[in-house]
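Below, chain A is the first sequence line, B the second, and so on; all start at residue 1.
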Amino acid sequence: MKQIPNRLKVGVPKTLFASYNLSYWQRFLTLSGMEVVFSGESTKETADRGGRLLPHEFCIPIKIFMGHILDLLDKGVDQILLPRMTDRNKTNFFCPKLIGLPEIVKFSLNLEEKRFFSPEVICNGLNPKVVRFPVTAAASLQQMKRVEKQALKYWEETLDNCRKQQITLPEAALKTSLETSRETALKISPETAGRGKLKQPEHHLCVGLLGYAYSLYDPFINKGIQRKLDKLKIRVYTWEMLEPETIETSLRGLKRPIFWNFGRMLLGAGLHFLKDPAIDGIIYVTTFGCGPDSVAAEILNLEAEKHQKPFLLINLDEHTEDGHLFTRLEAFADMLSTFKEDNAV
Amino acid sequence: MKITFPYMGPVFAYRKLFEGLGHEVVIPPRPSQRTIELGIKYSPEFICFPFKIILGSYLEALEQGADLIVTTGFIGACRAVYYGNLSERILHKLGFPVEVTVFDSPGEDLRGFLRNCRKLGNHTPFPKVVRTLELVIRLIFAHDYYQKKLNHLRPYERIPGNCSRKWIEIQQLLDSCNSLKELKEVLPEANRIIAGIPIDPERTILKVGLVGEIYLVMESFANHEVEERLAKLGVEVVRNQYISNWVTHFVLPPKRLLRQADPYLKHSAGGHEKENIGYILKYRQMGFDGIIHLLPFGCMPELVTQSLIPALSANLNLPILSLSLDEQLGWVNHMIRLEAFVELLWTRYGQAKEKINDGKVVCRS
């Protein structure tokens, strides 16, 4: 691999928006002729360092995000990818903290505007779309427009893989990156992918696992929830395994749909799981202080009661102790088995 | 149908509106500790504090026999847009056969807006609707005008608590008028009441701007009478979050104010955060001594403002105190912070005076 010395080094924090469409951003930046630097994995230290910069009430994902930014600054990147998530789409919003993210980072770290690579982005929950490209010396506007389309195609392929093979996002990203050339290969460790291996063991229970990609697939926050579920022989289904039409259809029954686009996907998937007889129960993973989840999870909780489907809400924070989690999952699995046997008779 | 509504701002004016349209009205009682406890019990854990208060007051109104809740919705990134829907779900689960009518902005959902209007219109003749609406809007504006005036006078009052007592009198006066003619007769009376408050205009006071989440800023039971507490410390509190202001800004968005906030926050995050930043900048220009920023625990848009406050405070050389409030009824910790903040403001005030007087120490008082 030839290194061009004066390529623009752009840092990508591997959390929040990037944990959804990491491959999209990586493609987009590499093909625009920039060098992509990833932040390290989230650790206790990442969360602590980031948390110190923010008011204490902020949700853990944003605190971790700040930690990732600090990590990137330590690595000496020229610019940091920080998409400006706008609300031009009038029925699809980001969480206010994400809308204000560039300003939060800028003012809490006292950085100059030129340290950020900030394309304006809209998103329908699945596909990001850049509506305004930043001016950069690395690539022309035309080139970026062309490259963005390629990146989007690549991302859609990844999502397609998820649906076809019924695998989660990190697994699909790992798979796709193994297939592509080494130059653009994503460096995803097996730990990030959650399970470590793609082979599925025997399962006797099926559970809909809901949660934002940045908390569900971040090994620091999720505390290996997928591995734990595997151990309990529970097969997991997530929102990315569903067709977007399915999600939209199940949302149509609501009087007032959720407008936050990531939450919308989760709620839609959750409502579908409620009606799906193959799914035994739903586990909703949320993080402490998550605003959209306080609404989305409550709606789902009330709906689950109506549908008589077991629903477990797990609220995670920066505690690293995970014994209680396994106990709760185990109890939930026991309940599901009993429930299933009772219903089978 | 017995109508109720969220407890916010001049509730008697809303009662007049629905009574004018020929409905029976249940006014939710002023939120108390019981309201908050009821609200907490049935709300999701991490929902914002105003939702808990409002749900509690709905429950109290339902106990009194209300069966239709009228509230506003709108579409945005703030959780406030789901208040109506979420409370309806929770109340249904609790077994109340209540109906919740959510008014969205006519620009966003014209058909739904008209449908709601027709439903609540109750076949009232159009001229009467217009008359009622005019009375209600005038009442709201009068209510807010007198509240502003009393907030201005409060730190100067000679008899502590006088302004608050007079405020109750004025509210009763406004509540008593049922037509525009009566309102016109009542206004001079209210002015007389205010002119009759004994004040000490010589007093040196500090001026502090109150910004933040609209419900906490407006509702004195939610912010533990922060205005009165500060007035006792010799601080005049100025705020711009009133229902009348909200109505005005809804019809005519304050473009210039929002533009001033652009360097700090480019896109609106769904709440009043841009307006608040604009007001902080405006209060600075007006020479205020400090700013107090209130937010409910975990409020999403105001957390964005809160994270910008250290930078704002440094850039403007203006002390800003950000208080995050929740259902905790103990106020001592906040009171200590407020007192320390006011002390800081007095010190700054004294230092500024010294500068003007060529370094000579001037005794205050």
A.B. asks: Identify which part of L53(A) has an atom lying under 4.5 Å from any heavy atom of chain B, answering side chain, backbone, both or neither.
C.D. replies: neither
A.B. asks: Applying a heavy-atom distance below 4.5 Å, give me the residues of residues 50-59 of chain B that approach chain A, sorted by number.
C.D. replies: none
A.B. asks: Checking heavy atoms, do the side chain of C48(B), its backbone, both or neither come under 4.5 Å from chain A?
C.D. replies: neither
A.B. asks: What is the minimum heavy-atom distance between P263(B) and F107(A), and which atoms define it?
C.D. replies: O-CZ, 3.6 Å
A.B. asks: Among the options D293(A), N110(A), I258(A), L98(A), pick out the one with the most heavy-atom pairs lying under 4.5 Å from chain B.
C.D. replies: I258(A)
A.B. asks: Counting heavy-atom pairs under 4.5 Å to chain A, which of G76(B), C78(B), G73(B) comes out on top?
C.D. replies: G76(B)
A.B. asks: Are there more than 12 heavy atoms of other residues, nucleotides or ligands under 6.0 Å from atom NZ of K129(A)?
C.D. replies: no
A.B. asks: Please round to the nearest 0.5 Å and tell me the distance separating atom CZ of F288(A) and atom CZ of F46(B).
C.D. replies: 4.0 Å
A.B. asks: With chain A as the partner chain, list the residues of residues 307-329 of chain B whose heavy atoms fall under 4.5 Å from it, by residue number, and write 'none' if nothing qualifies.
C.D. replies: S307(B), L308(B), A311(B), S324(B)
A.B. asks: Using heavy-atom distances under 4.5 Å, tell me whether D109(B) contacts chain A through its side chain, its backbone, both, or neither.
C.D. replies: neither
A.B. asks: One thing to verify: whether R256(A) and D104(B) come together as a salt bridge, which I'm taking to mean a side-chain N less than 4.0 angstrom from a carboxylate O.
C.D. replies: yes
A.B. asks: Which atom pair, heavy atoms only, marks the closest approach of S268(B) to I99(A)?
C.D. replies: O-CG2, 3.7 Å
A.B. asks: So for E303(A), is it side chain, backbone, both, or neither that comes closer than 4.5 Å to the heavy atoms of chain B?
C.D. replies: side chain
A.B. asks: To the nearest 0.5 Å, what is the distance between CD on E45(B) and OG on S294(A)?
C.D. replies: 10.0 Å
A.B. asks: I'd like to check I47(B) versus E298(A) (side-chain heavy atoms, cut-off strictly below 4.5 Å). Are they in contact?
C.D. replies: no
A.B. asks: With a 4.5 angstrom heavy-atom cut-off, which part of N315(A) approaches chain B: side chain, backbone, both or neither?
C.D. replies: side chain
A.B. asks: Which residue is it: E273(B), M300(B), H267(B)? I am looking for the one with a side-chain contact (heavy atoms from CB on, under 4.5 Å) to P96(A).
C.D. replies: M300(B)
A.B. asks: Keeping the roles fixed (side chain from E57(A), backbone from G298(B)), state whether a donor-acceptor pair exists under 3.5 Å.
C.D. replies: yes
A.B. asks: In the structure I gave you, are the side-chain heavy atoms of L302(A) and H92(B) within less than 4.5 Å of one another anywhere?
C.D. replies: no
A.B. asks: Examine whether an atom of P292(A) lies under 4.5 Å from a heavy atom of chain B, and if so say whether it belongs to the side chain, the backbone or both; otherwise answer neither.
C.D. replies: both
A.B. asks: Go through the atoms of V102(B) and report whether side chain, backbone, both or neither lie under 4.5 Å from a heavy atom of chain A.
C.D. replies: side chain
A.B. asks: Which heavy atom of K266(B) sits nearest to which heavy atom of E103(A), and what is that distance?
C.D. replies: N-OE2, 2.9 Å
A.B. asks: For the CD1 atom of I62(A) and the CG atom of L303(B), what is their distance to the nearest 0.5 Å?
C.D. replies: 9.5 Å
